Trainee: 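Supplied in structure tokens, the structure appears directly below.
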Number of protein chains: 2
Amino acid sequence: MPSTTVEDYLKRLYMLQQQTERRLVSMGSFAAAVGVAPGTATAMVKTLEDSRLVEYESRQGVRLTDAGERLALHVLRRHRLVEQFLVEVLGLDWSEVHPEAEVLEHAISDKVLARIDELLGHPEVDPHGDPIPTPAGDVADRTLASLAECEIGQPMRVAQVLDQDERFLRFADESGLTPGIDLTVESRDDVADAVTVRAGERDAVTVGTSVAAKILVEGV
Amino acid sequence: MPSTTVEDYLKRLYMLQQQTERRLVSMGSFAAAVGVAPGTATAMVKTLEDSRLVEYESRQGVRLTDAGERLALHVLRRHRLVEQFLVEVLGLDWSEVHPEAEVLEHAISDKVLARIDELLGHPEVDPHGDPIPTPAGDVADRTLASLAECEIGQPMRVAQVLDQDERFLRFADESGLTPGIDLTVESRDDVADAVTVRAGERDAVTVGTSVAAKILVEGV
DNA sequence: GATGTAATTTTGATTAGTCAAAATGAGTAA
DNA sequence: TTACTCATTTTGACTAATCAAAATTACATC
Ligand SMILES: [Mn+2]
Ligand SMILES: [Mn+2]
Ligand SMILES: [Mn+2]
Ligand SMILES: [Mn+2]
């Protein structure tokens, strides 16, 4: 029933909300995230408000209602299950599935989604380690540290990579920074703005802090 | 690049053309097949003509150009491969895949399509026995007889079922009239407008001629 | 040839989604 | 207070896709 466009707006809003205090998202950041002109976002937010999918206070910001969040999580579930499917069943590379899923997430029926979920054995995360919401709309919230802040010298395991960019993901792959890989942070240099990690037998890899911040790890 | 709407118009036009002499399709039948008002079809045909996807002579009819046919066959290929995939890989029933494919055919990239094709072992027909166009746009044209006209008493094999309706397909399934099944036409009664067929050990099944005409068979 | 019918095209409107640019307003600095 | 700045909203316009209903036209019939 909701259009592809509406689904994308809601999904974006959900993701933005996760990073804001009081879940309130400014029109400016919303428009930028969706990739439309500010006035377009204002217009769309008003129609979403009419459909009771968001709450909106002029000049204050916008936030999802419960119905809106439910829908957003449903889209997110489709997106991530599709990504996992494309990698596990069709053998695509994790660096190329995001744009595919961005389209397919709007074309998968509940029935097909359920079959995919089954075929994959009800996975909890997608190829990037992003948690897959349950059909009921629950999202596991692990509190993960990033390579930029975790303890030095402790054995860690990569759990999640916070960037869908194709080039970034290929780089992460080549550097052995993919979900499931065990490693330790060898050193951190604030002046050089760099972090050095070692994964098993591999050569140590040094990356800038902004990249380190996108690799989330859990204790092992 | 072409919209979902354009893809559907072209696919429909291709299928209609197959049934007309000189490949010329009247506006009335085109509009009806797509399910829009006559004026809507006229408007769309004009924009398709601007894109050189169809030839159009006012009050005469419309026909695909080579470029239009190429595109139509590409959509048809996606549609049928998706149907086959849904049945073979995800285990959906052949009676329910058509509407799913009607949406998914617009959301599958060339890359994903190639992987699906590979995973399925390059099938030549979809679950209904419809031929799957090659990537180059070639369609195998078998000349099949239907149960309404084939020879009586000869061993035959069901090759294709010409109706995507869910209820019809469930009925065909229950009657054992699915692609691959061997059978013989026992008798044909013009007065009763009925055809009786027997498949292996099963009880004989009698159907009306209009149904018999939708079940295509090949000699075995 | 005149006329009637039915298919087709044209016209006028509508909805969803979008942008550019003008108008507005809330908060900051003076 | 008064001004200024920058985010936000409003306005006016556009495209794709659609429909209902009026106008046109090709064709068959008388
Ligand atoms: Mn999307
Ligand atoms: Mn992902
Ligand atoms: Mn379709
Ligand atoms: Mn089919």
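Throughout, a chain's letter reflects where its sequence line sits, starting with A, and its residues are numbered from 1. Keep in mind that this is a model prediction, so the values were computed, not measured.
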Trainee: Please compare A/A37 and B/M27 by the position of their nearest nucleotide in DNA chain C and report the one closer to 5'.
Mentor: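 On the 5' side of the pair lies B/M27.
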Trainee: Could you tell me the separation between the CZ atom of B/F30 and the P atom of C/dT8, rounded to a whole number of Å?
Mentor: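 Distance check: B/F30 CZ to C/dT8 P gives 12 Å.
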Trainee: Is the NZ or CZ atom of A/K46 both under 6.0 Å from the centre of the six-membered ring of A/Y56 and within 45° of that ring's axis?
Mentor: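 Because its charged atom misses either the 6.0 Å distance or the 45° angle limit, A/K46 does not stack over A/Y56.
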Trainee: Could you check whether A/H98 and A/H128 have their ring centres less than 6.0 Å apart?
Mentor: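 Ring centroids of A/H128 and A/H98 are no less than 6.0 Å from each other.
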Trainee: Send over the distance from B/E57 CD to C/dT9 P, rounded to a whole Å.
Mentor: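 Whole-Å distance recorded here is 10 Å.
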Trainee: Polar pairs (N or O, both sides) under 3.5 Å between protein and nucleotides 22-29 of chain C?
Mentor:
from: C/dT24; atom 1: O2; to: A/R59; atom 2: NH2; distance (Å): 2.7

Trainee: Which atom pair, heavy atoms only, marks the closest approach of B/D8 to B/E102?
Mentor: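 Scanning both residues completely, I find the closest heavy atoms to be OD1-OE2, 3.1 Å.
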Trainee: Rounded to whole Å, how long is the line connecting atom CG of B/L48 with atom C1' of D/dA17?
Mentor: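 For the pair B/L48 CG and D/dA17 C1', the rounded distance is 12 Å.
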Trainee: Between D/dT8 atom C1' and A/E49 atom CD, what is the distance in whole Å?
Mentor: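 Distance, rounded to whole Å: 15 Å.
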Trainee: NE2 of B/H106 versus C1' of D/dA17: gap in Å, rounded?
Mentor: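 Atom-to-atom, B/H106 to D/dA17, this comes out as 15 Å.
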Trainee: Using a cut-off of strictly less than 4.0 Å, decide whether A/Y9 has a side-chain nitrogen or oxygen near OP1 or OP2 of C/dT18.
Mentor: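 Indeed, a polar side-chain atom of A/Y9 lies that close.
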Trainee: Answer with base, sugar-phosphate or nothing: what part of the nucleic acid does B/S3 contact at a heavy-atom distance below 4.0 Å?
Mentor: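 Touches sugar-phosphate only.
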Trainee: Might you confirm whether atom CG of A/D50 has over 12 heavy atoms from other residues, nucleotides or ligands at distances under 6.0 Å?
Mentor: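 Enclosed.
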Trainee: Treating B/T4 as the side-chain partner and B/H106 as the backbone partner, does any N or O pair qualify as donor plus acceptor under 3.5 Å?
Mentor: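 Not at all, since once roles are kept as given, no pair shorter than 3.5 Å links the two residues.
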Trainee: Any salt bridge linking A/K111 with B/E100? Criterion: basic side-chain nitrogen under 4.0 Å from a carboxylate oxygen.
Mentor: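 Salt bridge flag = no for B/E100 with A/K111.
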Trainee: In whole angstrom, give the distance that lies between atom CG of B/D50 and atom C1' of D/dA16.
Mentor: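 Atom CG in B/D50 sits about 14 Å away from atom C1' in D/dA16.
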Trainee: From CG of B/L24 over to P of C/dA7, roughly how many Å is that when rounded to an integer?
Mentor: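 After rounding, the reported distance stands at 16 Å.
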Trainee: Side chains of A/Q84 and A/D117: any donor to acceptor distance under 3.5 Å?
Mentor: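 No.
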Trainee: Can we say B/E166 and B/R170 salt-bridge, meaning some charged N sits less than 4.0 Å from an Asp/Glu carboxylate O?
Mentor: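 So B/E166 pairs with B/R170 through a salt bridge.
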Trainee: Is atom CD of B/E149 surrounded by more than 12 heavy atoms (other residues, nucleotides or ligands) closer than 6.0 Å?
Mentor: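 Atom CD in B/E149 is packed in, count exceeds 12.
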Trainee: Within the sub-3.5 Å range, which N or O atoms of nucleotides 10-14 of chain C have a protein N or O partner, and how far apart are they?
Mentor:
from: C/dT10; atom 1: OP2; to: B/K46; atom 2: NZ; distance (Å): 2.1

